[in-house]
There are 4 protein chains.
Amino acid sequence: MSKKNKPTNQKVMSFIEKARRAQIVECAIETIAEVGYAQASLGQIAKRAKISKGVISYHFANKEELMEQIPIEYYKAWHTYIFPRIEAQKSPKEMLRVYIESNLTFIDQNRQHVFAVIEMVSNTRTADGKLQFAAELDEAILLPIENILTLGMQEGVFREFTKSSARVMALTIRSAVDGFTLELTRKPHLDVQEYTRELVTIFDKSTKK
Amino acid sequence: MSKKNKPTNQKVMSFIEKARRAQIVECAIETIAEVGYAQASLGQIAKRAKISKGVISYHFANKEELMEQIPIEYYKAWHTYIFPRIEAQKSPKEMLRVYIESNLTFIDQNRQHVFAVIEMVSNTRTADGKLQFAAELDEAILLPIENILTLGMQEGVFREFTKSSARVMALTIRSAVDGFTLELTRKPHLDVQEYTRELVTIFDKSTKK
Amino acid sequence: MSKKNKPTNQKVMSFIEKARRAQIVECAIETIAEVGYAQASLGQIAKRAKISKGVISYHFANKEELMEQIPIEYYKAWHTYIFPRIEAQKSPKEMLRVYIESNLTFIDQNRQHVFAVIEMVSNTRTADGKLQFAAELDEAILLPIENILTLGMQEGVFREFTKSSARVMALTIRSAVDGFTLELTRKPHLDVQEYTRELVTIFDKSTKK
Amino acid sequence: MSKKNKPTNQKVMSFIEKARRAQIVECAIETIAEVGYAQASLGQIAKRAKISKGVISYHFANKEELMEQIPIEYYKAWHTYIFPRIEAQKSPKEMLRVYIESNLTFIDQNRQHVFAVIEMVSNTRTADGKLQFAAELDEAILLPIENILTLGMQEGVFREFTKSSARVMALTIRSAVDGFTLELTRKPHLDVQEYTRELVTIFDKSTKK
DNA sequence: TATGAATGAGCCTTCATTCAT
DNA sequence: AATGAATGAAGGCTCATTCAT
C-alpha cells in the first residue's frame, strides 16, 4: 500500500501519544477542508496546530501515515453513527429511509471531515497511480446498502434485483449521498431536511415493487 | 479567475499551432488520467509527449492555461454528443432515457478525458481555496436535466416537481452518472449496457407519476 | 515595495537566527561583489556559503527580503561611521573635509559591501521598471551635505548657494565619492590618502567664498 | 572579451544588413532604457522591434555581440558631438566649460541611449566577473579631460596638477557628469541649463590657480 | 533572410523529511 | 517529547540559443 512497509510492531501507544496523534489528525482535517489537499502541507498543518513541523514527523512515520488516519477515523465515526440507527429499524423500507436520512445528517454534522475525506480519496494514489481507498472503502460502504436491498427483495417489499442490478442501485444511492455532499459544499445553506425528504422519495419509488 | 488577466486578444493561431496545443492537451489528459492531477507536473506531461518541458511553456502561457483547456474541450465534446441525441426525442421520458444512455456511452468512449476532468474539478482551486469549476460548469450540466423534468411535468408524464425538488432529482441523476464514471475507473470491464439499463429503470421509476 | 506585504509582525529572532541571517547576508554581499548582481543567484550564494539553497529560503521569505538587507545594513554602518565624525567638527569647512575623508575611508574599508550596494542600486527595479532605491536612499545621503553647505553659507565661510545650487554642489560631492568607489574597483591599489587629499582640495576650492 | 571568439573574418556587410543591425540595436537601447538591463531579454527586444526572436540571432552571433554595439555606438556619437566643440575653443578654461556644457547637452538629448549604456556598464561582466567596459571606455573618456587640464596648467591658467592629481580632477569631472545623468533619470524635468551653469562654476573654481 | 518551433540550463520557491539538541 | 535547522528533490517558469523550413 505504501512504499515504506508499515511497521508490524504496532507499538503500544500511551494515552498521551494517542491524544497527540488525534489532535494532529484533527488539524489535518481542518486544514484540508479549508485549503484543499494539495495545499495541505505539513507546514500548514503544523501552523494550524501551533506546533513545529517536526512534531508531526515525530508522531507519524510520514505524511502518508497521517493522511491515512483521516478516512480511517471517518469510517469509524460513520459506522458508529449509521449502523445502530439502521439496525433499530424493522422493515427494509425503513432501513433504506434511515440509511439516507442518517447519512445526510451525519454529513451535515461533520462537514469538514467529510470534505477532507473526499479531497483525500480523489487525490491519494498508490505508486502505480491507482486511487488508493477507492476499492476497499467503497466495498465497506456499499455492502450495507446491498444487504438492505436483498433483504427487501426477499421480504417482497422491494422489486426484483439481480446481484448486479442491486449493485447499480447501491452505487446510485451511494452516489446520491456523495452528490449531496458536493452540493452542500457549494451551497452551505442548503435545506438539508428537504433534500433528505426528496432523496428518500426518489429511492423509495425506484426500489418499490 | 486567474491572477493574470486572460489576454482578450485571442491571437490567431496557425493550424500547426492549434494541432500542437491539441496534442499537448491530449497528453495532459492522459497524464492526469494515469497518475492523477497532483502528480501531473509539466515534466511528467512533457515526458509522456516526448518533448521538452519548455515546449509546453512555449505553447501555453502557463500551466493554468493548459489545464483550463481540458474541461473546456470536454464540455464542447460532451455538448456536441449529448444534445442532438436528446433533441431527437419526442417525449420527456425518452429524453431522460437518452440523456442517461448517451452520457454513459460518451463516458465509456472518453474514459481518460472524463477522468481527467473529474480530477481537475476536485482539485483545482481559486486563490481563496474555493473549488474552481464547481459552480459554473455544474449549472451548465444540471440545467438540461431540470428542463427535461419540467417539460415532463407539464406534459403530465412525470410526477410533480417543485423548483427545488427538481433540482434534487437533477443532482441525483447527475450524481448517478458521475458514480458510474468512478465505478468504471475501478472496474474497467464493467457491463456498460446493463448499467445503463438499470439506471434508466431507476430514474424512470423515480420520475413516474 | 514588494508584491507580498511585508509582515509587520517583526518576529522575535533568536540570537542564532540573527547570526545565521547575518552570515547569509555577508555571503550575498561577497557574491554580488564578485560576480555582480545579475549573476548572484541563490544557488551561487548558497555555494559560496557552503550551505544548501533551501537554507536561504528557510531564513528569508524570499530573495527580495535577503537582498533588501544589504543596503539596509550598509546604510546603518555608514551612518554610524560618518555622523559622529562630522559632528565632532566645529567649522563647516572641517565638516566638509571630514565628510569626504570619512566617506573614502569607509568605502576603502568596506569595499565589498559598498560595491554590492552599488550593484543593487543600479539593478533593482520596481514592477513598473523604476529604479528602486534611487529616491529614498539618495535623499538620506544628500541631505547632510546640503546641511553642511547651508551652515557654511550662513557662517559666511562658504560662497552663496541657492537651494538648487546647493543641491548641485551636494550631488557633485556625492558623485565624486561614488566615482572614487568605481575607480577603486578598477584600481584596487589606488593611493586612497592622496585621492582623499585631492578631493578635499577640489571641494574646498569650489565652496570657498 | 567574449567567450566565443569574435569571427576574425569581419564579413563585409551589405547596406541592408547594416541597417537591420542598427535597427535592432536601436530597439535594444529603447528596451533597456524602459525596462532595465535585467529584463531586456531577446524576446522583449524582438517584440518591440516587431520581429521574431530568431532574427536577432541571425544578425548577431549572440546577445553579447548585440549588447556590445550599444556603448560602441554611443561612444561614436559622443565623440562626434563633443570633440569638434572642444576643439573650437581657444583657451583651456573655455574648453573645460564646453566639455561640461556639451556633455550635459548631449546627455539631455540622448537620454535613452545614455541610460542604456549606464545599465550595461553596470551589468555586463566578463566570465571572471570583472566589469566589462570599465577600463577601456573610461580611459577614452578621461583622457581628453586630462589633456585639457595639462594644457591649462602649462598655459598657467589652471593650478598645478601632478599626473595623479590631474586624474582625480578628471575623474571628479567625469563623475559629476555621470551624477547629472542619474539625477536626470530621477528628475526628468530638471533645469538642465542651471545644472550646467553650476557645474561650470564648480569646476572653474576648483581648477583655478 | 526570416520565422516559428524546440531545447535545455538555470532561476526561485515549496516541501517532506532528517537530525542534533 | 519537541524543536529549529538544514537538506535536496521537484515544481513552474524564463530565456539564450539552435535549427529546419
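Labels below follow one simple rule: chain letters A, B, ... track the order of the sequence lines, proteins then strands, and each chain is numbered from 1.
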Query raised in the report: Quick one: the side chain of C/Lys63 and the base of E/dT13, do they pair up donor-acceptor inside 3.5 Å?
Result: no

Query raised in the report: For D/Ala28 and D/Ile70, which heavy atoms make the closest approach, and how far apart are they?
Result: CB-CD1, 4.0 Å

Query raised in the report: What nucleotide, of F/dA16, E/dC11, F/dA2, holds the atom closest to the side chain of D/Ser41?
Result: F/dA16

Query raised in the report: Between atom CD1 in C/Ile24 and atom C1' in F/dA6, what is the gap in whole Å?
Result: 10 Å

Query raised in the report: Starting at the 5' end of DNA chain F, which residue's closest nucleotide do you reach first, D/Gln44 or B/Gln44?
Result: B/Gln44

Query - Atom-to-atom span, CG of D/Leu66 to P of F/dA16 - whole angstrom - result: 10 Å

Report summary line: Taking E/dA5, F/dA16, F/dT3 as options, the one with an atom nearest any side-chain atom of B/Arg20 is E/dA5

Report summary line: Here the pair of heavy atoms bringing A/Ile56 nearest to A/Leu42 is CD1-O, 3.7 Å

Report task. Of all the heavy-atom pairs spanning C/Ile51 and C/Ile24, show the shortest one and how long it is. Result -> CD1-CG1, 4.2 Å

Requested in this report: Examine F/dA1: is either OP1 or OP2 under 4.0 Å from a nitrogen or oxygen in the side chain of A/Tyr58? Give yes or no.
Outcome: yes

**Report entry** Atom-pair distance (CZ on A/Phe60; P on F/dA1), nearest Å
**Finding:** 14 Å

Query raised in the report: Does a side-chain N or O from D/His59 land closer than 4.0 Å to OP1 or OP2 of E/dA2, or not?
Result: yes

Report task. Compare the minimum distances between each of E/dA2, E/dT17, F/dA6 and the side chain of A/Ser57, then state the nucleotide with the smallest one. Result -> E/dT17

Requested in this report: Just compare F/dA2, E/dT13, E/dA2 and give me whichever is closest to any side-chain atom of C/Leu42.
Outcome: E/dT13

Requested in this report: Grab the CD-P distance between C/Glu64 and E/dC11 for me, whole Å please.
Outcome: 18 Å

Report task. Quickly work out the B/Gln39 CD to F/dA9 P distance and round it to whole Å. Result -> 17 Å

Requested in this report: Of all the heavy-atom pairs spanning C/Cys27 and C/Ala49, show the shortest one and how long it is.
Outcome: SG-CB, 3.4 Å

Query raised in the report: How many Å lie between CD1 on B/Ile56 and P on E/dG8, as a whole number?
Result: 14 Å

Report task. Tell me what D/Ile16 touches on the nucleic acid: a base, only sugar-phosphate, or nothing, going by heavy atoms under 4.0 Å. Result -> nothing

Requested in this report: Using whole Å, report how far CZ of B/Phe15 lies from P of F/dT21.
Outcome: 18 Å

Query raised in the report: If we call it a pair only when both distances are under 3.5 Å in a Watson-Crick or G-U wobble match, what pairs with F/dA10?
Result: E/dT13

Query raised in the report: For the side chain of C/Asn62, counting heavy atoms from C-beta on, which of E/dA16, E/dT13, F/dT17 is nearest?
Result: E/dT13

Query - Under 3.5 Å: donor-acceptor pair, side chain of A/Gln112, backbone of A/Ala33 - result: no

**Report entry** Of D/Ala38 and C/Ile51, the one whose closest DNA chain F nucleotide lies more 5'
**Finding:** C/Ile51

Query raised in the report: Pick the nucleotide of DNA chain E nearest each of C/Ala40 and B/Glu17; which residue has the one closer to the 5' end?
Result: B/Glu17

Query raised in the report: So does D/Arg21 pair up with D/Glu65, basic N to acidic O under 4.0 Å?
Result: yes

Query raised in the report: Should F/dT21 form a Watson-Crick or G-U wobble pair with both distances under 3.5 Å, which nucleotide is its partner?
Result: E/dA2

Query raised in the report: Whole-Å distance between F/dC19 P and D/Lys53 NZ?
Result: 15 Å

